[in-house]
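Reading through the structure tokens given below for one structure.
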Amino acid sequence: MAGAPVGTWMVLCAAAEAVGMSAAAAAARLSTATVGEPSTPGETVVALALVTAGGLVEGTALGLAQATGLRAWRRRLRTAGYVAATVVVAGLGWAGASAPAALAGAADESAGPPAWLVIAGGAALGAVLGTLLGAAQAATLRRQVPHPWRWIGANAVAWIPAMALIFAGATTPAEGWPLAAVIGTGTLTGALAGAVLGALLGLRLPSLDPDGD
């Protein structure tokens with residue numbers, strides 16, 4: 001097979017990010033509801049544990065989904081290392097990006113930055129995390145495909161619009177929104193961002209081994 005269909009990657013990444021962003025949204029709201037703004041070391045540990053758990057769910061879902069796409073492209077590829085790298089970099093990276101908000105508790109919306117600045121910051125973060133994630137994933141593929149390092153640039157580009165969409169969705173719910181609405185927004189945002197991510201990565205996947213059968 002010349003390459004896994006782009007549509008397959010869109011569906012896989014959309015499903016993974018829908019699960020991941022639902023978990024991240026639930027973890028963030030649970031942190032705010034149970035801890036608020038942490039004032040003791042114990043509360044800080046709880047807040048960090050919650051956002052880390054949400055991030056690890058996102059990283060695990062994404063790693064497994066993309067490994068499925070890789071195996072559809074090349075059945076003999078070994079993807080265990082790829083999944084592990086994705087869990088560590090994507091999961092902990094997202095948790096690290098979410099930690100400041102969790103530790104700040106429920107912020108005063110009127111004092112926050114404008115939406116365009118938040119989205120621009122998300123895009124910039126996407127370029128950085130995409131580069132790091134692509135490098136970690138490429139390292140696990142370096143003995144399996146001729147041009148694994150092309151995956152770095154593919155991720156750096158793909159994560160820019162994906163993370164911008166994620167940040168736009170993450171800043172949409174207001175403090176008084178019910179939990180179901182917050183999680184639903186996370187699910188929809190994750191699905192949209194994942195579809196964009198999957199489309200861009202799916203287009204670039206064949207470049208890792210352009211002569212493969």
Side-chain angles (χ1 to χ4, degrees), residues 1-25 53-95 123 125-166 169 186-213:
M1 145 183 328
V6 173
T8 298
W9 271 77
M10 289 179 66
V11 171
L12 288 170
C13 290
E17 287 303 308
V19 170
M21 290 304 103
S22 297
L56 291 177
V57 170
E58 188 271 343
T60 301
L62 184 63
L64 292 173
Q66 291 189 350
T68 300
L70 286 171
R71 294 296 295 274
W73 176 58
R74 294 286 186 273
R75 287 192 296 270
R76 295 182 180 179
L77 281 181
R78 297 181 298 277
T79 56
Y82 185 98
V83 173
T86 305
V87 172
V88 171
V89 179
L92 295 184
W94 175 254
L125 181 62
V128 174
L129 289 181
T131 299
L132 294 175
L133 178 60
Q137 292 174 335
T140 71
L141 300 173
R142 66 187 185 280
R143 293 188 177 91
Q144 304 190 67
V145 295
H147 305 289
W149 307 115
R150 292 177 180 176
W151 202 233
I152 300 174
N155 272 273
V157 171
W159 276 101
I160 291 174
M163 195 64 82
L165 287 168
I166 287 172
T187 302
L188 181 61
T189 299
L192 179 59
V196 172
L197 176 71
L200 294 174
L201 290 179
L203 287 171
R204 292 297 296 158
L205 181 64
S207 72
L208 304 186
D209 187 6
D211 299 323
D213 53 18

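Note: hydrogens, waters and symmetry copies are ignored here, and every other heavy atom, side chains too, is used.
- A pairwise comparison of heavy atoms in V89 and A136 identifies CG2-CB, 3.6 Å as the closest pair.
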Under the side-chain contact (heavy atoms from CB on, under 4.5 Å) criterion, do W73 and L208 qualify, and how do the steps go? CA-CA 11 Å; W73 176 58; L208 304 186; 3.8 Å; yes

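- Between atom CD1 of residue I160 and atom CG of residue N155 there is a gap of 11.0 Å, rounded to the nearest 0.5 Å.
- Here the side chain of R150 pairs a donor or acceptor atom with the backbone of S207 at under 3.5 angstrom.
- Contact record, A158 with P161: O-CD, 3.4 Å, taken as the closest heavy-atom pair.
- The closest side-chain heavy-atom distance from P5 to M10 is not below 4.5 Å.
- The line from CG of L141 to OG1 of T79 is 9.0 Å long, rounded to the nearest 0.5 Å.
- Looking at every heavy atom in both residues, G59 comes nearest to A90 through CA-CB, 4.3 Å.
- Nearest heavy-atom pair across A25 and G186 is CB-CA, 4.4 Å.
- Side chain of R142 to main chain of A139: a donor-acceptor pair is present (N/O by atom type, distance under 3.5 Å, no hydrogens or angles).
- The CD1 atom of I166 sits 4.5 Å away from atom CE of M21, with the distance rounded to the nearest 0.5 Å.
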Please step through side-chain contact (heavy atoms from CB on, under 4.5 Å) for the pair Y82 and V87, ending with a clear verdict. CA-CA 9 Å; Y82 185 98; V87 172; over 6 Å; no

Please assess W151 against L205 for the test side-chain contact (heavy atoms from CB on, under 4.5 Å), listing each intermediate value before the final yes or no. CA-CA 8 Å; W151 202 233; L205 181 64; 4.1 Å; yes

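- The main-chain N or O of R78 is found under 3.5 Å from a side-chain atom of Q144 such that the two form a donor-acceptor pair.
- We find the CG-CH2 distance between L129 and W159 to be 8.0 Å, quoted to the nearest 0.5 Å.
- Shown here for V157 and L200, the closest heavy-atom pair between the two residues is O-CD1, 4.4 Å.
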Please test V19 against T60 for side-chain contact (heavy atoms from CB on, under 4.5 Å), starting from the C-alpha separation and ending with a verdict. CA-CA 10 Å; V19 170; T60 301; over 6 Å; no

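- Taking CG from L197 and CG from L192, the interatomic distance works out to 11.5 Å, rounded to the nearest 0.5 Å.
- One distance of note links OG1 of T68 with CH2 of W9; it measures 9.5 Å at 0.5 Å rounding.
- Between A138 and P148 the shortest heavy-atom distance is CB-O, 3.2 Å.
- Between the side chains of Q66 and T86, no donor-acceptor pair is found at a separation under 3.5 Å.
- Between the T140 side chain and the Q137 main chain, a donor and an acceptor come within less than 3.5 Å of each other.
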